[in-house]
2 protein chains.
Amino acid sequence: MKKTKLSSTNQLNKTYLEDTCMGAYALGIIGNRWKLSIFFYLNKGPMRFTEIKQSLQGITERMLALNLKEMERDQLISRTVFAEVPARVIYELTPIGRELTPVWEMLGLWGRKHKQAVEAEVTVKAAVV
Amino acid sequence: MKKTKLSSTNQLNKTYLEDTCMGAYALGIIGNRWKLSIFFYLNKGPMRFTEIKQSLQGITERMLALNLKEMERDQLISRTVFAEVPARVIYELTPIGRELTPVWEMLGLWGRKHKQAVEAEVTVKAAVV
DNA sequence: TGAGGACCTTACAAAAATGTAAGTATGAAG
DNA sequence: CTTCATACTTACATTTTTGTAAGGTCCTCA
């Protein structure tokens with residue numbers, strides 16, 4: 001899952017920040033390209049691999065599998081395999097995963113506010129010019 | 001500030017996600033190695049370049065300058081230069097930057113909860129073994 | 001005139017994240 | 001005995017982020 005050099009300055013800085021700032025720690029877990037969006041879908045209910053894949057336009061199987069694996073390792077989601085053929089695998093949020101909801105909402109709220117603020121700023125500047 | 005290929009799949013996916021998910025948009029602005037920690041310090045009050053640098057163990061001048069520049073571009077912080085020698089430059093949060101506070105708190109709250117949950121889980125497993 | 005401090009910038013290199021293409025395993029159904 | 005669908009894995013390539021090292025400017029003070 002990982003091939004990080006534990007001794008790199010990069011890694012050292014990362015763990016230092018995650019140790020001293022819980023926000024940075026949280027970002028270390030959900031702060032990448034796809035995870036928040038995967039969370040968004042799973043927050044609506046359990047889904048199987050293919051369903052998630054189809055929901056996330058542009059994600060590759062590799063990326064999806066990788067992210068799901070990491071999220072499982074980080075106990076955000078659980079994985080249930082049904083002994084059928086073709087295989088059926090269900091992913092769903094764990095309790096601690098579900099607790100991300102307010103965080104996600106906060107993030108979205110601020111994002112919306114920020115976007116509006118920036119767009120307003122641009123408009124003002126354009127008006128002046 | 002950026003040398004991203006706008007046409008790369010990577011970039012395409014990024015903008016797609018940021019367009020469809022405000023949380024992803026927010027992460028695009030604050031979700032990197034140093035920004036949240038820079039925010040943390042500036043949230044306590046205005047600071048000058050060197051002060052921030054000294055607060056953030058391990059950050060290089062390049063990284064600090066780069067991140068501050070991006071944060072200024074994204075209107076999270078403002079930059080004030082005093083015509084003195086040696087130079088004095090003060091960074092401080094903008095209103096929209098200050099509004100990150102509850103987001104940051106949420107993130108930290110969840111982070112702490114998650115860390116505890118994971119550690120508890122490890123303890124349980126150890127007890128069983 | 002030349003050293004010094006604060007605040008950057010530049011060219012380059014290493015590391016990490018993401019994407020591409022092609023496999024693998026399973027067992028049922030045709 | 002070949003094809004099919006699902007859920008992955010693997011080897012590799014590209015892109016992006018982060019770090020390193022060395023400047024560069026400004027004016028002041030000695």
Side-chain angles (χ1 to χ4, degrees), chain A residues 1-18 24 27-38 47-54 56-72 77 79-91, chain B residues 1-18 24 27-38 47-54 56-72 77 79-91:
Chain A
M1 185 151 12
K2 276 190 176 185
K3 332 162 196 181
T4 52
K5 289 202 177 176
L6 286 180
S7 58
S8 70
T9 305
N10 190 320
Q11 199 51 225
L12 256 37
N13 285 337
K14 185 172 186 229
T15 56
Y16 160 68
L17 288 174
E18 292 184 354
L27 282 191
I29 296 176
I30 53 160
N32 81 340
R33 173 79 93 265
W34 299 101
K35 279 175 190 162
L36 213 58
S37 298
I38 294 175
M47 284 174 103
R48 44 195 303 193
F49 188 87
T50 311
E51 291 173 330
I52 308 176
K53 188 184 144 197
Q54 284 161 356
L56 284 169
Q57 182 184 113
I59 199 170
T60 60
E61 298 199 332
R62 171 174 143 66
M63 271 331 218
L64 183 52
L66 195 62
N67 278 292
L68 288 171
K69 211 185 225 183
E70 287 176 1
M71 289 172 83
E72 195 194 352
I77 61 176
R79 193 178 100 111
T80 314
V81 184
F82 292 83
E84 303 173 1
V85 167
R88 183 157 65 99
V89 181
I90 294 289
Y91 292 92
Chain B
M1 184 154 7
K2 276 190 177 185
K3 332 161 198 182
T4 50
K5 289 204 177 176
L6 287 180
S7 58
S8 70
T9 305
N10 191 320
Q11 199 53 227
L12 256 36
N13 284 337
K14 187 175 186 226
T15 55
Y16 161 69
L17 288 174
E18 292 184 355
L27 283 192
I29 295 175
I30 53 161
N32 82 341
R33 174 76 95 264
W34 299 101
K35 279 176 189 161
L36 212 59
S37 298
I38 294 175
M47 283 174 103
R48 44 196 303 193
F49 189 87
T50 311
E51 290 173 330
I52 306 175
K53 187 184 143 193
Q54 284 162 355
L56 284 169
Q57 182 185 114
I59 199 169
T60 61
E61 297 199 332
R62 170 172 144 68
M63 272 332 221
L64 183 53
L66 194 63
N67 277 293
L68 288 171
K69 212 187 226 182
E70 288 176 0
M71 289 172 83
E72 195 195 352
I77 61 176
R79 193 178 100 109
T80 313
V81 184
F82 291 83
E84 304 173 0
V85 167
R88 184 157 65 99
V89 181
I90 294 289
Y91 293 92

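Because only heavy atoms are used, hydrogens play no part in the values below, and waters and symmetry mates are left out as well, while side chains stay in. Note on naming: letters A, B, ... go to the chains in the order of the sequence lines (proteins, then strands), and numbering restarts at 1 for each one. This one's a predicted model, so the numbers in the text were calculated from it and none came from an experiment.
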Report task. Using whole Å, report how far CG of Leu17(A) lies from C1' of dG19(D). Result -> 14 Å

Requested in this report: Quickly work out the Met47(A) CE to dT6(D) C1' distance and round it to whole Å.
Outcome: 15 Å

Report task. Between protein and nucleotides 18-30 of chain C, map the contacts as a letter string: B base, S sugar-phosphate only, - none, heavy atoms under 4.0 Å, written 5' to 3'. Result -> BBB------B---

Query - Sequence-distant partners of Arg88(B), salt bridge (charged side-chain N to carboxylate O under 4.0 Å, His left out), two or more places apart - result: Glu84(B)

Report task. Please name all residues satisfying side-chain contact (heavy atoms from CB on, under 4.5 Å) with Gln57(A), sequence neighbours left out, ordered by chain then number. Result -> Tyr16(B)

Query raised in the report: Rounded to whole angstroms, how far apart are CZ on Arg79(B) and P on dC7(C)?
Result: 10 Å

Query - Distance, rounded to the nearest Å, where Arg88(A) contributes CZ and dT6(D) contributes C1' - result: 12 Å

**Report entry** Spacing between Glu51(B) atom CD and dG5(C) atom C1', to the nearest angstrom
**Finding:** 14 Å

**Report entry** Asn32(A): side-chain contact (heavy atoms from CB on, under 4.5 Å) partners, not counting sequence neighbours
**Finding:** Lys35(A), Asn67(A)

Requested in this report: Using whole Å, report how far NZ of Lys53(B) lies from C1' of dT20(D).
Outcome: 14 Å

Query raised in the report: Taking atom C1' of dA7(D) as reference, at what distance in whole Å does atom CD1 of Ile38(A) sit?
Result: 15 Å

Query raised in the report: What is the nucleic acid contact for Tyr91(A), judged by heavy atoms within less than 4.0 Å: base, sugar-phosphate only, or nothing?
Result: sugar-phosphate

**Report entry** side-chain hydrogen bond (donor to acceptor under 3.5 Å, both in side chains) partners of Asn13(B), counting only residues at least two apart
**Finding:** none

Report summary line: Hits for salt bridge (charged side-chain N to carboxylate O under 4.0 Å, His left out) against Arg62(A), two or more places apart or cross-chain, chain-then-number order -> none

Query raised in the report: Just how far, in rounded Å, is C1' of dC27(D) from CZ of Phe82(B)?
Result: 18 Å

**Report entry** Nearest non-hydrogen partners of Leu27(A) and Ile30(B), listed with the distance
**Finding:** CD1-O, 3.8 Å

Query raised in the report: With respect to the phosphate group of dA16(C), does any side-chain polar atom (N or O) of Ser8(A) fall under 4.0 Å of OP1 or OP2?
Result: yes

